[in-house]
Amino acid sequence: MITGEAAPDWDVASWLNTDAPLSLEDLRGSVVVVHAFQMLCPGCVSHGIPQAKSIRQAFPPGRVQVIGLHTVFEHHAAMGEIALRAFLHEYRIHFPVGIDRPDPRGNPIPLTMQAWHMQGTPTLFILDEQGRIRLHHFGQLDDLRAGAVIGQLLAESDASGQ
């Protein structure tokens, strides 16, 4: 996806850690950090998930929303919702997590992963308050760079008076 484009809404089969389904429209007015992961992905477990948890703790929840997207493109049978619920509990992940909807045509790549042009996991997206993609990064991203992008977006919001 091209930085600066509006992110398409996700196609989520179910949500965990939230009382109601979330849409990008619901999150407008906040910087949104989307962490796409698989629970059996070593890079997700060692870096991506701890980074998402750190971002959630470091920034005000009303201004920065952290959303997990469990986007399974391999080992489908091992990563169902029951296993994901246990994983979220064990890793103390409390931010909302959407389960990317499988492709009904049989493609192993789930629908949001396709629409958002992800190459794999972990993938980090940072969206500005208007829902535009300001960072799309596949793989490990330095915490300082992620924090700098979020800080820049919060400063832009403050400067515009929102």
Side-chain angles (χ1 to χ4, degrees), residues 1-39 41 43-73 84 87-89 91-101 109-162:
M1 296 190 92
I2 299 170
T3 301
E5 277 186 2
D9 214 353
W10 39 60
D11 194 341
V12 169
S14 61
W15 284 95
L16 305 175
N17 295 340
T18 184
D19 293 332
L22 300 173
S23 71
L24 288 174
E25 187 63 35
D26 297 334
L27 301 172
R28 289 272 160 82
S30 297
V31 172
V32 178
V33 176
V34 179
H35 168 57
F37 73 101
Q38 293 185 103
M39 64 181 148
C41 162
C44 299
V45 172
S46 67
H47 181 75
I49 290 169
Q51 182 177 65
K53 289 170 69 174
S54 293
I55 290 169
R56 184 170 186 254
Q57 291 174 342
F59 293 97
R63 300 205 53 210
V64 177
Q65 302 289 332
V66 176
I67 307 295
L69 181 68
H70 193 242
T71 185
V72 178
F73 58 91
L84 179 59
F87 177 86
L88 297 177
H89 173 76
Y91 281 86
R92 294 174 175 80
I93 297 168
H94 302 293
F95 50 82
V97 174
I99 300 173
D100 200 355
R101 187 177 311 280
I109 308 299
L111 297 177
T112 305
M113 187 176 197
Q114 290 177 44
W116 287 42
H117 306 287
M118 291 183 225
Q119 297 172 320
T121 57
T123 295
L124 185 72
F125 290 91
I126 301 177
L127 312 179
D128 65 20
E129 292 180 331
Q130 289 77 43
R132 295 180 305 232
I133 297 167
R134 299 292 289 272
L135 179 105
H136 172 182
H137 186 85
F138 168 58
Q140 185 171 335
L141 179 67
D142 181 75
D143 291 341
L144 195 55
R145 179 157 178 235
V149 171
I150 294 166
Q152 174 188 344
L153 295 177
L154 292 173
E156 286 176 12
S157 174
D158 291 344
S160 70
Q162 291 185 358

Does W116 reach the side chain of L111, with side-chain heavy atoms less than 4.5 Å apart?
no
To the nearest 0.5 Å, how far apart are CD1 in I150 and CG in L135?
9.0 Å
Over all heavy atoms of both residues, which pair between H136 and I133 is shortest? Give the atoms and the distance, please.
CB-CG2, 4.1 Å
Looking only at heavy atoms, which two atoms of A36 and C44 are closest? And how far apart?
O-SG, 4.5 Å
State plainly whether the residues D158 and R63 are in salt-bridge range, i.e. N to O under 4.0 Å.
yes
Please confirm whether the backbone N or O of P50 pairs with a side-chain atom of S54, one donor and one acceptor, at under 3.5 Å?
yes
With a 4.5 Å cut-off on side-chain heavy atoms, are H70 and M39 touching?
yes
Electrostatic pair E156:R134 at N-O distance under 4.0 angstrom
yes
Nearest heavy atoms of V66 and A52, plus distance in Å:
CG1-O, 3.9 Å
For a quick test of reading the model, state the closest non-hydrogen atom pair linking I126 to A146 and the distance between them.
CD1-O, 3.9 Å
Checking R145 now: which residues fulfil salt bridge (charged side-chain N to carboxylate O under 4.0 Å, His left out) with it, not counting sequence neighbours?
none
Take L84 and V72, measure what side-chain contact (heavy atoms from CB on, under 4.5 Å) needs, and give me the verdict at the end.
CA-CA 11 Å; L84 179 59; V72 178; over 6 Å; no
Among residues at least two apart in sequence or on other chains, which ones pass ring-ring contact (aromatic ring centres under 6.0 Å, His included) with Y91?
F87
L124 and V34: CA distance, side-chain angles, deciding distance, side-chain contact (heavy atoms from CB on, under 4.5 Å) verdict
CA-CA 6 Å; L124 185 72; V34 179; over 6 Å; no
Pair M118, F125 - check side-chain contact (heavy atoms from CB on, under 4.5 Å), show working.
CA-CA 10 Å; M118 291 183 225; F125 290 91; 3.9 Å; yes
Is L154 close to V64 at the side-chain level, that is, under 4.5 Å between some pair of heavy atoms?
yes
Ignoring hydrogens, what is the shortest heavy-atom contact between Q140 and H47? Give both atom names and the distance.
CG-CD2, 3.2 Å
Do D11 and T112 have a side chain donor and acceptor closer than 3.5 Å?
no
Just verifying a value: how many Å separate L141 CG and H35 NE2, rounded to the nearest 0.5 Å?
12.0 Å
Quick one: does D128's side chain get under 4.5 Å of V31's, heavy atoms only?
no
Dump the intermediate steps for side-chain contact (heavy atoms from CB on, under 4.5 Å) on L24 and L127, then the final yes or no.
CA-CA 10 Å; L24 288 174; L127 312 179; 3.6 Å; yes
Search all heavy atoms of T121 against all heavy atoms of F138 and return the closest pair with its distance.
N-CE1, 3.5 Å
